[in-house]
Each structure stands twice: as structure tokens, then as C-alpha cells.
**Student:** 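Before we start, here is the structure in question, set down as C-alpha cells.
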Amino acid sequence: MAAPTCKMVARPLRKFLTCVSGTCLQNNAYRRLSLATPGSNVVKSSEPGVHAVSPWKLHGAVCLQRLPVITKDLSPLEEEFNKLMHQMELERSLLSEHELRLLEDAERMSRKQEADYDSDEEDVADQDILTAQDMEDAWEQKRRQFQPAPRLNEPSDMDRSSADRCLGDSLLLLVKQRVGSEELWLLPHLQWEAGETLRQTAERALCSLPGADFKATFLGNTPCGVYKYKFPKAIRTESSVGAKIFFFKALLSSSNPSPTQREAFAWVKKSELQNYLKPEYLNQVDRFFISI
Amino acid sequence: MSTLVSRAVMNLLSRQCATPCHWRPSVMTLKTSLPLRAEPTKKKKIDPKREQARKERLKKKLKKMEKVAPELIPIEDFVTPVKYSDELSVRMLPQVPFEESERRALLLKEWSRYKLSQHKAEMAAIGQALQAQREALQELKLESEELYWAALRPDPVLFPFHHQGPSYTPPKDKYQPPEGKYSDITKVYTQ
């Protein structure tokens with residue numbers, strides 16, 4: 001109601017001023033205008049963000065993901081299909097040079113075993129001392145000398161606080177934080193302070209985690225999700241109705257957890273999230289935490 | 001002393017040999033060796049003409065060679081080597097029996113159903129994530145314009161983004177891969 005009347009007053013005043021200040025310098029005219037019409041300019045000159053103080057407290061949280069390191073185990077259908085694909089590829093292929101050499105060597109050996117073998121008939125140039133089978137055996141031996149790291153690591157899988165568990169799935173970092181009167185498992189978050197962007201709040205939240213340093217790449221400035229909740233009636237006031245937590249996605253590049261603070265962290269798969277998070281919080285986190 | 005000796009030798013020589021010998025220079029003259037007697041070859045007047053004629057002949061030859069179109073560099077991929085032209089390398093396998101081909105057809109259908117459901121699940125998950133982001137941005141806009149515009153700003157540091165995808169086995173710590181050497185035998189053609 002105040003705004004329209006202000007404008008109505010300002011318009012004839014402005015016209016009067018422009019007529020008067022036509023001869024004066026431009027600066028003076030602007031200055032007079034700004035003095036004459038205080039109502040319209042108040043919002044612009046004050047802090048460009050909030051019009052009125054919002055009743056919602058802002059928090060920045062980080063959704064730190066460790067992406068899978070190894071491929072998942074194949075389901076029975078996938079295994080069968082894999083075998084079928086290999087079989088079909090074999091049937092449709094031609095013999096490779098190595099296989100041709102194997103056949104030739106086998107044929108030459110069988111000819112040598114015959115009674116009426118004449119070595120002069122052979123083409124000496126084609127023969128090699130090392131047959132294809134020998135080469136294959138040598139390669140097989142060399143392959144056996146290499147031991148790859150094991151895919152499955154049972155003891156590490158049980159330890160919830162290590163980032164090396166369940167290498168085939170993508171994991172999410174949860175911390176136990178005190179909210180109000182109770183301790184809850186949450187994504188690490190901090191209250192937003194004036195003068196920084198929400199992403200910087202999330203970065204601060206990650207750095208300020210006690211006991212462990214995580215090196216992460218944040219994926220952009222945009223939040224990936226929001227969780228809005230109202231404070232319990234006892235704490236609720238006019239100016240603070242509740243809080244909005246904005247989540248920012250980050251990918252883990254390296255971590256050095258110290259052994260003392262192990263109980264405070266948990267790296268959980270998507271299927272285990274329901275054991276840790278509250279139902280409403282879980283609903284929101286489930287939407288942006290993609291783990292296929 | 002030396003002059004006396006030379007005079008004595010001269011008298012001796014003049015008495016002994018009447019005819020002068022041209023291959024042995026006389027003792028009185030300076031002892032000149034071959035390099036000392038050498039002179040730069042004198043250029044004859046007819047030589048520049050010869051030089052020019054030679055140059056013109058070479059130029060004509062070059063022009064003739066240039067007129068011919070240059071030989072095209074062969075594309076190795078389009079030329080089938082001769083050893084693959086005969087049918088030596090055909091794999092002889094028994095023909096697939098009827099039951100096996102039936103089983104394969106059914107498995108392929110099952111696979112296409114499985115892949116379709118997987119695709120639908122993926123698309124749904126992506127749609128949900130995008131919706132969550134949209135809602136977050138809406139809530140942020142309601143809160144503060146400045147933070148909203150700060151959130152929409154692109155991140156200059158993020159791209160180019162590299163990530164090592166999953167492998168079959170996890171990486172071994174302190175593993176030294178063996179050094180490989182190779183000899184490059186690609187044929188290089190010049191036109």
C-alpha cells in the first residue's frame with residue numbers, strides 16, 4: 001500500500017525537478033532527484049540481497065561422494081550374456097596370425113614324426129627355433145608372475161569409517177552432529193555467514209571436520225538439493241521459523257583419516273542410508289545421490 | 001767455404017756432362033719444389049658460356065621432371081596385403097544346433113528387456129536429481145537474490161574435468177609398471 005502512493009507523489013515532483021534543473025549540470029539534477037524521491041531508492045541502496053530479514057536460517061552442506069573404484073560384480077543374466085557375446089564373436093572371427101602359426105607348427109611336427117620324412121624338402125627360411133607354442137607358454141608364465149590387488153576385501157567392507165570399503169559402489173560421507181538436543185547422522189553442514197557464497201560455506205564445512213582432511217572437487221556453484229525444516233515450537237520465534245540446508249556435490253580425490261576420530265565418520269552406500277538418516281531427510285538426499 | 005765447394009762441384013759437372021739435364025735443375029738456380037712452382041689455373045674466355053649452357057640444360061631437365069604429376073602417396077589402410085587374399089584363415093567350427101540358437105534368441109530378448117528397465121531407471125534418477133536442483137534454486141531465490149545469482153555463476157576451475165573410471169581390480173599401491181620399448185616401423189613417404 002505504501003509503494004503506489006509513494007510513486008504517485010514522486011511522479012509530479014520529478015517532472016517539476018526536471019523542468020527546474022534543465023539549465024543546471026547533470027550531476028546536480030541527479031542528486032536532487034535522489035534526494036526528492038527517497039521512497040523508490042531505499043531498496044536499491046541497502047543490501048541488495050534480503051528485502052526483509054528472512055525467517056529461515058541458511059546452512060551449507062556438502063554431499064561428499066567417493067565414486068566406485070572397481071566395476072561391480074555381474075548379475076547372472078549379465079554373466080550369461082557376456083559368455084554368449086564372447087562365443088558369437090569367436091564364431092564370426094577369422095584365425096589370427098598367431099593361431100595360423102600354431103596350426104603350421106603342429107602340422108610340421110606331425111610331418112616330422114612320419115617315417116618318410118625328408119628334411120631337405122622343407123623351406124629352411126620359414127622355420128624358427130622358437131615355436132608359437134613356446135612363445136605362448138612364456139607369455140603365460142610372465143602373466144602368472146603379476147598378482148593384481150584383490151577385488152574383495154572383507155575386513156575393510158565391515159569398517160564403516162574407512163573410505164576403501166565397498167569399492168564397487170559409490171559412497172556418501174555422513175557425520176554425527178549435535179542438532180538441538182540430539183545427536184544425528186547427517187551430511188556435514190555449517191551455518192551460512194554473511195559475505196560468503198553457500199558453496200564457500202560447504203567448503204568450510206568440509207575443512208572444519210575434526211580429525212580428517214578430505215581433498216574434494218566441488219561440482220559447480222549450484223546446490224543440488226535443499227532440506228527445509230521448522231524448529232520445534234519451543235525454539236521457534238518470529239524471526240527464526242526454521243532452517244534451509246542447501247547441499248553441494250563434491251567428489252573425493254584423496255583422504256587421510258586420522259585413526260582417533262573414526263567413530264564420527266561413516267561412508268555409506270545408498271542401500272544403507274536408511275539405517276542412518278531420518279525419513280524426511282533421507283527422501284531429499286535420495287533424490288540427488290545417484291548410485292546405479 | 002760453401003762457395004768454394006759449389007764452384008768445385010760446378011767445374012766437375014761441366015767437365016763430366018756436356019748436355020744439360022732438364023730433370024735435374026742446375027745447382028745455381030733456386031731450389032723450387034712443386035707446390036712452390038704452382039700457379040692458379042687461368043680462366044679461359046669460353047668458360048662462362050660453357051657454364052651457362054650447363055645451367056640451362058639442368059634447368060630444362062628440372063622443368064621436364066616438374067611437368068610430370070608427382071607420385072601419389074599410397075594409403076596403407078586401403079591396400080589389402082596380399083597374404084589376406086587367400087582363404088587360409090577361415091575358422092572351422094561346427095554349426096550351431098537348433099536348441100542352442102533358440103536359447104540364444106531368448107537370451108537376447110531377456111537382455112533387451114533388462115537393458116530397457118535399466119535405462120528407464122537411469123532416466124528417472126537423472127530426472128529426480130534435476131528436479132531436486134530446480135527446487136533448491138527456487139528456495140534459494142526466495143531467500144536471497146544475491147546468493148541465487150552467485151549460485152548460477154559458472155565455475156571456471158571445474159573444466160576440463162578428468163576422472164579415472166572404475167577398473168576391474170583396484171589399484172596396487174607402490175606398483176612399478178614395467179618399462180616398455182618399441183621400434184617405430186611406419187613407412188614415411190616423401191613426394
Side-chain angles (χ1 to χ4, degrees), chain A residues 47-51 54 56 58 67-72 75 77-78 80-81 84 87-88 90-97 99-100 103 146-151 153 164 167-168 192 197-199 217-226 228 244 246-247 251 284 286-292, chain B residues 83-84 87-93 95-96 100 103-104 107-108 110-111 113-115 118 121-122 125-133 135-140 142-155 157-158 161-173 175 178:
Chain A
E47 208 219 324
V50 189
H51 293 282
S54 158
W56 298 94
L58 296 178
L67 293 175
V69 177
I70 57 171
T71 52
K72 274 208 190 118
S75 68
L77 174 63
E78 282 174 344
E80 244 187 276
F81 187 73
L84 174 63
Q87 183 63 26
M88 284 173 77
L90 188 72
E91 282 165 13
R92 291 176 193 186
S93 68
L94 298 173
L95 292 166
S96 65
E97 277 187 27
E99 287 179 311
L100 282 173
L103 287 173
F146 171 70
Q147 292 297 331
R151 269 168 68 89
N153 197 352
D164 294 325
L167 291 170
W192 172 77
T197 62
L198 279 167
R199 177 183 156 157
T217 334
F218 274 78
L219 302 175
N221 292 324
T222 332
C224 59
V226 67
K228 204 162 66 168
K244 288 188 188 177
F246 291 93
F247 302 98
L251 299 179
Q284 294 291 6
D286 246 351
R287 290 166 85 197
F288 55 78
F289 177 44
I290 301 178
S291 171
I292 319 153
Chain B
K83 65 176 174 175
Y84 299 130
E87 295 285 304
L88 263 184
S89 53
V90 172
R91 201 181 284 271
M92 288 300 169
L93 283 173
Q95 216 190 10
V96 177
E100 176 65 23
R103 181 196 79 96
R104 283 184 187 183
L107 183 59
L108 286 167
E110 182 73 41
W111 179 254
R113 278 194 286 268
Y114 171 74
K115 270 298 186 187
Q118 209 180 51
E122 277 176 16
I126 292 171
Q128 264 205 327
L130 283 174
Q131 182 61 28
Q133 194 177 61
E135 281 174 17
L137 279 173
Q138 232 174 10
E139 294 280 340
L140 189 57
L142 289 174
E143 283 297 306
S144 105
E145 285 286 331
E146 190 194 350
L147 288 177
Y148 175 73
W149 290 111
L152 286 188
R153 239 178 273 143
D155 187 6
V157 187
L158 184 60
F161 176 72
H162 297 287
H163 173 68
Q164 188 79 20
S167 49
Y168 187 65
T169 51
K172 244 172 128 173
D173 50 325
Y175 173 65

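Per chain, numbering begins at 1; letters A, B, ... match sequence-line order. Quick note: numbers below take in every heavy atom, side chains included, and nothing from hydrogens, waters or symmetry partners. In this text the structure is predicted, and so the values were computed from the model without any measurement.
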**Student:** Grab the two heavy atoms, one from F218(A) and one from L158(B), that are nearest each other, plus how far apart they are.
**Tutor:** O-CD1, 3.6 Å
**Student:** Side chain from CB out, backbone as N, CA, C, O: work out which of these in V96(B) comes under 4.5 Å of a heavy atom of chain A, or both, or neither.
**Tutor:** side chain
**Student:** Between atom CG of L84(A) and atom CH2 of W111(B), what is the distance when rounded to the nearest 0.5 Å?
**Tutor:** 10.5 Å
**Student:** Between S75(A) and chain B, which part of the residue has a heavy atom less than 4.5 Å away: side chain, backbone, both or neither?
**Tutor:** side chain
**Student:** Sort L130(B) into side chain, backbone, both or neither according to what part of it lies under 4.5 angstrom from a heavy atom of chain A.
**Tutor:** neither
**Student:** Can you tell me if R91(B) uses its side chain to pair, donor with acceptor, with the backbone of E91(A) under 3.5 Å?
**Tutor:** no
**Student:** Where does E122(B) contact chain A at under 4.5 Å (heavy atoms): side chain, backbone, both or neither?
**Tutor:** side chain
**Student:** With a 4.5 angstrom heavy-atom cut-off, which part of Y148(B) approaches chain A: side chain, backbone, both or neither?
**Tutor:** neither
**Student:** May I ask you to name which of L95(A), L167(A), L77(A) has the most heavy-atom pairs under 4.5 Å with chain B?
**Tutor:** L95(A)
**Student:** By a 4.5 Å heavy-atom criterion (distance strictly below it), what part of R199(A) contacts chain B: side chain, backbone, both, or neither?
**Tutor:** side chain
**Student:** Taking atom CZ of F81(A) and atom NZ of K115(B), what is their separation to the nearest 0.5 Å?
**Tutor:** 8.5 Å
**Student:** Mind checking the OG-CH2 spacing from S144(B) to W56(A)? Nearest 0.5 Å is all I need.
**Tutor:** 15.5 Å
**Student:** Name the member of T197(A), L58(A), V69(A) that forms the most heavy-atom pairs with chain B at distances under 4.5 Å.
**Tutor:** V69(A)
**Student:** Let me know if L219(A) has heavy atoms under 4.5 Å from chain B in its side chain, its backbone, both or neither.
**Tutor:** both
**Student:** Does K244(A) use its side chain to pair, donor to acceptor, with the backbone of E143(B) at less than 3.5 Å?
**Tutor:** no
**Student:** Show the nearest heavy-atom pair for residues Q147(A) and K172(B), with the distance to one decimal.
**Tutor:** O-NZ, 2.6 Å
**Student:** Rounded to the nearest 0.5 Å, how far apart are OG1 of T222(A) and CG of L140(B)?
**Tutor:** 10.0 Å
**Student:** When rounded to the nearest 0.5 angstrom, what is the spacing between CD in Q131(B) and CZ in R287(A)?
**Tutor:** 6.0 Å
**Student:** Can you tell which of Q284(A), M88(A), E99(A) has the highest number of heavy-atom pairs within less than 4.5 Å of chain B?
**Tutor:** E99(A)
**Student:** What distance separates I290(A) CD1 from Q128(B) CD, expressed to the nearest 0.5 Å?
**Tutor:** 9.0 Å
**Student:** I need the minimum non-hydrogen distance between P68(A) and P166(B), along with the two atoms involved.
**Tutor:** O-CB, 3.8 Å
**Student:** Is it the side chain or the backbone of F146(A) that comes within 4.5 Å of chain B heavy atoms, both, or neither?
**Tutor:** side chain
**Student:** Check ring pair (Phe, Tyr, Trp, His ring centres under 6.0 Å) between F246(A) and all other residues, then give those that pass, not counting sequence neighbours.
**Tutor:** none
**Student:** Is there a donor-acceptor contact under 3.5 Å from the side chain of N221(A) to the main chain of R153(B)?
**Tutor:** yes
**Student:** Taking side chain as everything from C-beta outward and backbone as N, CA, C, O, which of these in E78(A) sits under 4.5 Å from a heavy atom of chain B? Side chain, backbone, both or neither.
**Tutor:** both
**Student:** As an exercise: rank G225(A), S96(A), C224(A) by heavy-atom pairs under 4.5 Å with chain B and give me the winner.
**Tutor:** C224(A)
**Student:** Are R104(B) and E80(A) within salt-bridge range, i.e. N to O under 4.0 Å?
**Tutor:** no
**Student:** So which of P170(B), G165(B), G127(B) has the biggest tally of heavy-atom pairs under 4.5 Å with chain A?
**Tutor:** P170(B)
**Student:** Where does L198(A) contact chain B at under 4.5 Å (heavy atoms): side chain, backbone, both or neither?
**Tutor:** both
**Student:** Checking Y84(B) now: which residues fulfil ring pair (Phe, Tyr, Trp, His ring centres under 6.0 Å) with it, not counting sequence neighbours?
**Tutor:** none
**Student:** Side chain, backbone, both or neither: which part of Q118(B) has a non-hydrogen atom closer than 4.5 Å to chain A?
**Tutor:** side chain
**Student:** Answer with side chain, backbone, both or neither: which region of K72(A) has an atom nearer than 4.5 Å to a non-hydrogen atom of chain B?
**Tutor:** neither
